[in-house]
Amino acid sequence: MYSTGLAVKQIADDRHIRHPLWFVLAMVLETEESPPGDPWETLPIEILIKVLRDHGLPVSTLVECRLVSKNWMGIVDGPDLRNKIWNKTVIVYDASTDGTAYFCCSDQWITRHITFASNLLVAADGGLLCFNKNLSTEFVLYNPVPDKFLTLNVPHAIPTVIDGMMKYMVVGLVVDPYTKHFWLLLGGILLLDERRSLIYDSETDTWSWVTHPFPPFNYRMEYNWRSVKGVECDGFLHWLVWDPRYLIKALLMFDLEEEKWYVLLEKVEMDKPRSLQMAAYEGHVCLLAMDWLPADGEFDYRSYRGAFLRNPVVRAMDRALIGRTRDLWVGGEGRPFHLYTAGGSDAFFVFDEEYDDLEVAKYWAQFDVMFFLPDPPFREDHEFRFWRILPPESHDPWCAIIPTPGVNAELEWVTQPQEELLEDSWGEDSPEAQAGGEEVQEGPGNEEAVALPGETWQL
C-alpha cells in the first residue's frame, strides 16, 4: 500500500511548496495508506478538504494547490474553502467604470467581474450588496460568496416610474441573518406633488407603499440633497443627509417594525459636506467629526457633540481607535481618512487624500492590531477617477460587509459566469499568518436641533 504521507511530501517537492503545514501533514499521515497510482489523485478527499480548509494556508499556496489536479482545483474552488475565505469582515470597492468589484479581509484582494448593468453600489447589509444606476428602476442584489445576483425591478405600473426612470432620496437594505430574507427600502421617491417610500419584501416577493409620509424636508433640500449609505442598527435604518448649498444637515431614520420615519435636523455654521462620517460600530451608530486641522494637534479629539446624539443609539466614534491610526505612519502624524465598518469591532480606514497614494488599513479587533492591507490593484484607477474627474462626494464606492454564504433559495438568484481571482497576498507580517489562520467572527457640534413640522422624535 502507498503511504499518504509520502504522497504529500512528493507533491510538496514537485510543486516547490514550502509551507510548514505541508510537512506537518506528511508526518501526521505517515500511518495513513492509500491505493497505488498517481498520488495527486489518490489522496483521500476528506483529508484534502480538511487540510486546505482548516489550516489557514496563504493564498499563494492555495493558488499552487489549485494547479495540482482537477480534484484539487475542485476543492479550492468549492464551497468548503470558499466559505472559509469569506467568513471574515471585508472591505469592498466598487470599480463601476470597468465593471469589477474588489474585496479584502487582510492578506488578499479578491476580484469579481460584475456582469449586470446596474453597477453603482448604493447599499449593503448582511453580506449582500445592492447596485443601482441613476434614475434606473432596476436594483441588483449581489452576494459575492456564491457569486450570485438577483435582479429586482420596480413595477412600471407604479405611478412614480416615468418613461422607465425614477428618482429617490435614500435607499436602505436590511437582511435577516437567519432566514436570509431581506427588505429593500426606497425613501423619498419623487411623485408629482409629494415624496413617498416603497419597500420590497423578499419573503412575499412584493413591492408596497409605506403608509407613513416621508419627512417634509425644507423645500431647498428637495433638489440639492446628498446622502451617505444607510446604516442599520437596533431595528432602524439611518442616513446622514445634507444640502451642499445650505447650512443644514439631517439624521434620517426609518423604524423597520412600525414602518415610520423620524428625523433630526441640525444647523451648521459653514458648508462642510464631508465633515461628518457615520458607521455602524459595536452595536451603535457612530459619528466622527472630520473638520480638524493638523496644526491644531487635535487629531484624537474629533468627537461629535451635536444634536444627533439625542438619539440613544448614536454616539461619538471611539477616540482611542482613531488615534491609533497615527501609528501607521512614520512620525505618527494623523492623516484624513474614510471609516468603514460592518457593525462589529473591526474597522477599515481608507486614506485617499488628493495627490497621496491610496492606502487601506484595518483594525483587527481579535488581535488588537492595526495594519495596512496589500496595495489595492485598482489604486491608479481610483485616484484618477475620483480626484481628477468626479467630485469626491458624487459616489462613494467603498463599504464594509460581513460575508455570508447563504441566499434566499425561494428567489431566482443567478450565478455569474466567472471564476474568482485571488490577488496580492501578505507575507509573514500578516496577522492572519502570525496567528496561524484563526477565524474571526465577526467636529464638535454646537448646533441646535430643528424639529420638522408635524414630526416629533421618539423611539
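Every value quoted in this text rests on a predicted model; they were computed, and no experiment measured them.
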Counting only N and O atoms by type, is there a donor-acceptor contact under 3.5 Å from the side chain of [X] to the main-chain atoms of [Y]?
X: W207; Y: N153; result: yes
X: N119; Y: S96; result: yes
X: W239; Y: V171; result: yes
X: N132; Y: S136; result: yes
X: E282; Y: G343; result: no

Looking only at side-chain N and O atoms, does [Y] offer a donor or acceptor that is under 3.5 Å from a partner on [X]?
X: W364; Y: S345; result: no
X: D396; Y: Y340; result: yes
X: K180; Y: T404; result: yes
X: D205; Y: Y200; result: yes

**Prompt:** Run the side chain to side chain contact (heavy atoms under 4.5 Å, CB included) check on V154 and L186 step by step: do they pass?
**Reply:** CA-CA 10 Å; V154 177; L186 309 181; 4.0 Å; yes
Find out whether [X] and [Y] are in side-chain contact, i.e. whether some heavy atom of one side chain is under 4.5 Å from a heavy atom of the other.
X: L251; Y: E266; result: no
X: K148; Y: V414; result: no
X: K249; Y: L240; result: no
X: L411; Y: S202; result: yes
X: S106; Y: F371; result: yes
X: M278; Y: H238; result: yes
X: Y102; Y: P377; result: yes
X: Y93; Y: V350; result: no

Just how far is it from atom [atom1] of [X] to atom [atom2] of [Y], taken to the nearest 0.5 Å?
X: R324; Y: D368; atom1: CZ; atom2: CG; answer: 4.5 Å
X: D318; Y: H284; atom1: CG; atom2: NE2; answer: 12.0 Å
X: L256; Y: F236; atom1: CG; atom2: CZ; answer: 8.0 Å
X: R310; Y: L264; atom1: CZ; atom2: CG; answer: 5.0 Å
X: R195; Y: M169; atom1: CZ; atom2: CE; answer: 5.5 Å
X: L198; Y: I189; atom1: CG; atom2: CD1; answer: 3.5 Å

**Asked** Where do F182 and L150 land on the side chain to side chain contact (heavy atoms under 4.5 Å, CB included) test, with the steps shown first?
**Response** CA-CA 12 Å; F182 63 87; L150 173 72; 3.8 Å; yes
**Request:** Using a strict 4.0 Å threshold on nitrogen-to-oxygen distance, state whether R112 and D94 make a salt bridge.
**Result:** no
Residue pair [X] / [Y]: nearest heavy atoms and the distance that separates them:
X: A365; Y: D346; result: N-OD1, 2.9 Å
X: A250; Y: V263; result: CB-CG2, 4.1 Å
X: L173; Y: C130; result: CD2-CB, 4.4 Å
X: C399; Y: L121; result: SG-CD2, 3.6 Å
X: C105; Y: L373; result: O-CD2, 3.8 Å
X: M317; Y: I322; result: CG-CD1, 4.0 Å

**Message:** Ring-plane angle category for W261 and F214, please: parallel below 30°, perpendicular beyond 60°, tilted otherwise.
**Reply:** perpendicular
Please report whether the ring centroid of [Y] lies less than 6.0 Å from that of [X].
X: F131; Y: F116; result: yes
X: F349; Y: F337; result: yes
X: F378; Y: W109; result: yes
X: F372; Y: W329; result: yes

**Request:** Check ring pair (Phe, Tyr, Trp, His ring centres under 6.0 Å) between W183 and all other residues, then give those that pass, not counting sequence neighbours.
**Result:** none
**Prompt:** Would L328 and F351 count as a side chain to side chain contact (heavy atoms under 4.5 Å, CB included) if you check the C-alpha gap in whole Å, the side-chain angles of each, and the deciding distance to 0.1 Å?
**Reply:** CA-CA 11 Å; L328 296 168; F351 303 88; 4.0 Å; yes
**Request:** Evaluate the side chain to side chain contact (heavy atoms under 4.5 Å, CB included) criterion for residues F308 and L287: first the C-alpha distance (whole Å), next the side-chain angles of each, then the deciding distance (0.1 Å), finally the verdict.
**Result:** CA-CA 9 Å; F308 297 158; L287 299 177; 3.9 Å; yes
